[in-house]
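Order of the sequence lines sets the chain letters (A, B, ...), proteins ahead of strands, with each chain counted from 1.
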Amino acid sequence: MIDKPIMSAKEAVKMISAGSIIMVGGFMGCGTPKSLIDALNEQGTRDMTLICNDTAIYNPDKSLITGVAPLVINKRFKRIIASHIGTNRETGRQMNENETEVTLIPQGTLAEKIRAAGAGLGGILTPTGVGTEVEEGKQIIEIGGKKYLLELPLFADFALLKAKKADKAGNLVFSRSARNFNPIMAMAARTVIVEAEQIVEVGEINPDSVMSPFIFTSIIVPVK
Amino acid sequence: MIDKPIMSAKEAVKMISAGSIIMVGGFMGCGTPKSLIDALNEQGTRDMTLICNDTAIYNPDKSLITGVAPLVINKRFKRIIASHIGTNRETGRQMNENETEVTLIPQGTLAEKIRAAGAGLGGILTPTGVGTEVEEGKQIIEIGGKKYLLELPLFADFALLKAKKADKAGNLVFSRSARNFNPIMAMAARTVIVEAEQIVEVGEINPDSVMSPFIFTSIIVPVK
Amino acid sequence: MDYTPDKSKIAKRIARFFKSGDIVNLGIGLPTEVANYIPSDVIISLHSENGFLGLGPAPKAGEEDWDLVNAGGMPVTILPGGAFFDSAMSFAIIRGGHLDYTVLGVLEVDQLGNLANYKVPGKLIPGMGGAMDLTVGAKKVIAATLHFDKGQSKLVKRCSLPLTAKGEVDYVVTDLGLFTVEDGKFVLQEYFKGCSPEFIIENTPADIIISPNCKEVEV
Amino acid sequence: MDYTPDKSKIAKRIARFFKSGDIVNLGIGLPTEVANYIPSDVIISLHSENGFLGLGPAPKAGEEDWDLVNAGGMPVTILPGGAFFDSAMSFAIIRGGHLDYTVLGVLEVDQLGNLANYKVPGKLIPGMGGAMDLTVGAKKVIAATLHFDKGQSKLVKRCSLPLTAKGEVDYVVTDLGLFTVEDGKFVLQEYFKGCSPEFIIENTPADIIISPNCKEVEV
């Protein structure tokens with residue numbers, strides 16, 4: 001194995017530019033790389049497309065702000081692809097006032113679209129969304145009398161991920177429910193930037209315990 | 001969690017009968033549940049359908065016989081679905097002499113078909129096999145000018161799996177390259193019989209280390 | 001009859017659905033409360049769609065682990081024998097028919113078994129999250145809802161809001177009673193003590209038939 | 001010129017393809033031997049399609065772990081930094097374009113980049129195993145073969161055997177030379193010392209053009 005570059009969050013996000021498509025791991029902020037989000041926010045990059053399960057939590061009354069919410073509030077996205085935006089009222093406002101294009105995708109379909117991109121599949125057939133607005137514009141394929149939607153792969157330029165532990169080659173271990181979308185996004189982006197709580201030597205992670213193999217990781221960023 | 005039944009291999013295979021479709025974990029015999037194969041062989045059940053990566057190794061000159069090979073030699077299958085039969089010459093003989101119907105499927109397609117069954121997908125689109133005999137009889141779907149084969153899910157009545165460790169609820173841990181097809185087959189069969197080298201109390205496996213969650217396991221069999 | 005909303009009746013009645021060994025997903029909000037009423041001799045396992053099985057109660061204050069949250073993003077615990085996995089596996093479990101029940105809140109549910117709970121066009125658009133997969137994938141779908149919202153019945157002839165899923169609802173439990181959905185009608189199976197079938201039928205703008213086995217139940 | 005088959009030339013030449021960091025799958029048989037000739041300053045990682053990255057050399061006699069085998073079922077080792085996964089992930093890596101190279105043996109390879117290596121109808125039918133996915137999925141496909149089998153060239157105008165993959169071969173390395181596949185022809189890029197372009201063209205029933213950069217190479 002060769003070592004992957006290790007750099008600061010500020011340095012790592014420099015390659016992200018206006019128009020970039022970014023995937024961000026996490027679920028309501030749990031498993032989202034906070035240092036990378038903060039650095040990207042500070043960098044001020046605009047017109048990005050976000051692919052994330054949700055737009056996390058933004059509750060100004062309680063001073064609560066998690067996950068990708070800072071980027072949403074600062075209007076960094078021209079498009080947001082997510083399964084849930086209900087806990088960040090600013091996303092809904094931007095959507096309703098046509099400031100940001102928001103595409104809602106069922107969570108399981110989102111996961112499979114991302115996995116399909118990483119796995120080289122041309123698409124997958126899911127029963128989810130049949131008979132709902134989700135089927136609009138999609139090919140419906142009937143198999144054995146049952147209808148399925150053909151859902152296409154979803155790629156990104158960058159994946160911003162959060163790991164509990166990374167070895168220097170880029171093998172990753174995630175913690176508890178902070179795993180969520182992180183391992184599948186690792187497969188589906190051209191450049192994968194991983195913020196790791198702990199960075200260890202190659203060989204220190206048991207090969208049976210690796211949750212995302214080193215080949216997907218491009219850059220490792222220590223948590224600030 | 002409630003405990004799963006623990007029984008002998010002989011007892012467990014009693015529910016498998018003529019005509020049953022069985023999936024068997026393993027790759028060239030590595031990760032195949034030997035006690036279950038031996039018990040099923042002894043039981044003498046015929047006309048089964050086998051879904052397995054390969055028909056393992058049978059080399060009478062070297063007295064070498066692994067994995068599912070004993071069942072093949074004793075002609076227990078009316079149909080074999082596999083990606084590779086080259087290391088068990090008896091499978092090839094039965095195929096060429098029309099004693100057994102053998103369907104060859106590319107290994108990655110086999111894995112995705114099994115996963116699709118377990119994941120409730122109606123099918124997946126793969127570029128693998130386009131322009132080869134594998135495309136015969138299959139729907140070809142073109143996306144963005146590229147051709148894909150629509151591959152349908154593959155289910156089984158029984159999955160016979162081999163784990164390194166099982167807790168009594170059925171959470172599984174596999175060892176090294178013996179993991180292979182075991183976790184995905186756990187998802188795709190109505191009844192999942194797991195032969196485990198070690199059976200531990202519930203709570204002894206770290207929830208982050210589980211490779212197949214307990215809900216898929218029906219029966220646990222200790223290695224004889 | 002006076003109507004006083006009572007969410008606890010819904011949670012209590014749904015908690016009686018399960019048998020030991022069942023795998024269940026409880027939606028955020030009212031469905032989550034079902035967990036508080038499951039009889040101690042019934043051992044079920046809760047699935048959390050953000051990626052684990054064996055969802056346990058909230059931790060004590062000060063013992064929160066922010067790497068272990070529920071689908072609402074709030075700290076929870078995992079029971080012994082639980083297992084973590086990624087989102088693809090979590091929804092493979094859901095879509096693949098490996099859940100016995102899913103319990104979801106609703107904005108509207110209709111007599112065809114259609115359910116709407118993710119979008120009020122032009123107003124509230126929280127998104128479907130995992131709800132579309134859950135309703136399509138779980139073996140049995142239980143819609144959990146107060147019978148009325150601002151005087152309007154949540155049970156209707158036809159949903160007017162965008163659907164979460166078409167024809168997937170098996171049971172509706174309100175604070176007035178328990179309904180099945182059969183052949184395009186609600187079938188009243190139980191009315192809860194203090195209510196009557198007549199009251200339900202009069203105040204619900206949907207076709208309801210009374211099951212021959214319909215009975216009064218105390219919850 | 002006398003032809004004496006020499007597999008080591010093929011393995012040696014292919015071993016020079018790689019740069020540090022490359023992820024490579026070597027087929028069972030001749031391709032496996034490539035690993036023996038990789039320069040010590042080039043650090044590549046080998047993928048084993050039965051489910052891991054970081055494939056190492058065979059263990060010493062007596063130290064075999066039968067839970068750790070290669071795609072041929074024979075005991076191997078895993079290098080520090082390797083990782084195990086299931087077959088779905090293994091082929092996600094392959095099909096998803098995450099391998100830089102795959103090296104495969106062939107029964108026939110033709111000037112359209114078609115490759116046949118899994119079936120001789122009515123005779124030998126080993127099955128395609130992972131070969132179809134590997135040829136379709138890897139960024140670059142290298143066909144590794146002796147130039148002749150029983151006097152017949154393995155490089156042909158059109159494969160007569162059932163195809164493993166259509167138009168996917170990028171390079172063919174034989175014991176005589178190195179070819180690319182371009183615009184429906186083999187292009188000779190290198191001929192190995194002791195051979196000549198003329199000998200290759202005369203004895204190969206396929207359209208071969210000689211690259212303007214073609215050179216003699218010692219392997």
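Annotation for D:Lys166: atom NZ does not count as buried by contact number, only 12 or fewer foreign heavy atoms lying within 6.0 Å. In A:Lys147, the NZ atom is not crowded: 12 or fewer heavy atoms of neighbouring residues, nucleotides or ligands sit closer than 6.0 Å. D:Gln152 CD: 12 or fewer foreign heavy atoms inside a 6.0 Å radius. When the shell of 6.0 Å around CD of D:Glu216 is examined, it contains more than 12 heavy atoms from other residues, nucleotides or ligands.
The CD1 atom of A:Ile215 sits 6.5 Å away from the CG atom of D:Leu99 when rounded to the nearest 0.5 Å. Taken from CE in A:Met187 to CE in D:Met89, the straight-line distance is 4.5 Å, to the nearest 0.5 Å.
Of the possible polar contacts, one joining the D:His98 side chain to the A:Gly118 backbone as a donor-acceptor pair under 3.5 Å is found.
For the side chain to side chain contact (heavy atoms under 4.5 Å, CB included) with A:Met1, the qualifying choice from D:Ile43, D:Leu53, D:Leu79, D:Ile44 is D:Leu79, the only one to do so.
Between D:Phe52 and A:Asp208 the shortest side-chain heavy-atom distance does not fall below 4.5 Å. Within the 4.5 Å cutoff, no side-chain heavy atoms of A:Val210 are placed close to those of D:Phe84.
Of all heavy-atom pairs spanning D:Gly81 and A:Val202, the tightest one is CA-CG1, 3.6 Å. Across all non-hydrogen atoms, the minimal contact from D:Pro80 to A:Gly203 is CB-CA, 4.1 Å.
Only the side chain of A:Asp167 comes within contact range of chain D, judged by heavy atoms closer than 4.5 Å. If you measure heavy-atom distances from D:Ser45 to chain A, the contacts under 4.5 Å come from the side chain alone.
Chosen from A:Pro213, A:Pro207, A:Gly120, the residue pairing most often with chain D at heavy-atom distances under 4.5 Å is A:Pro207.
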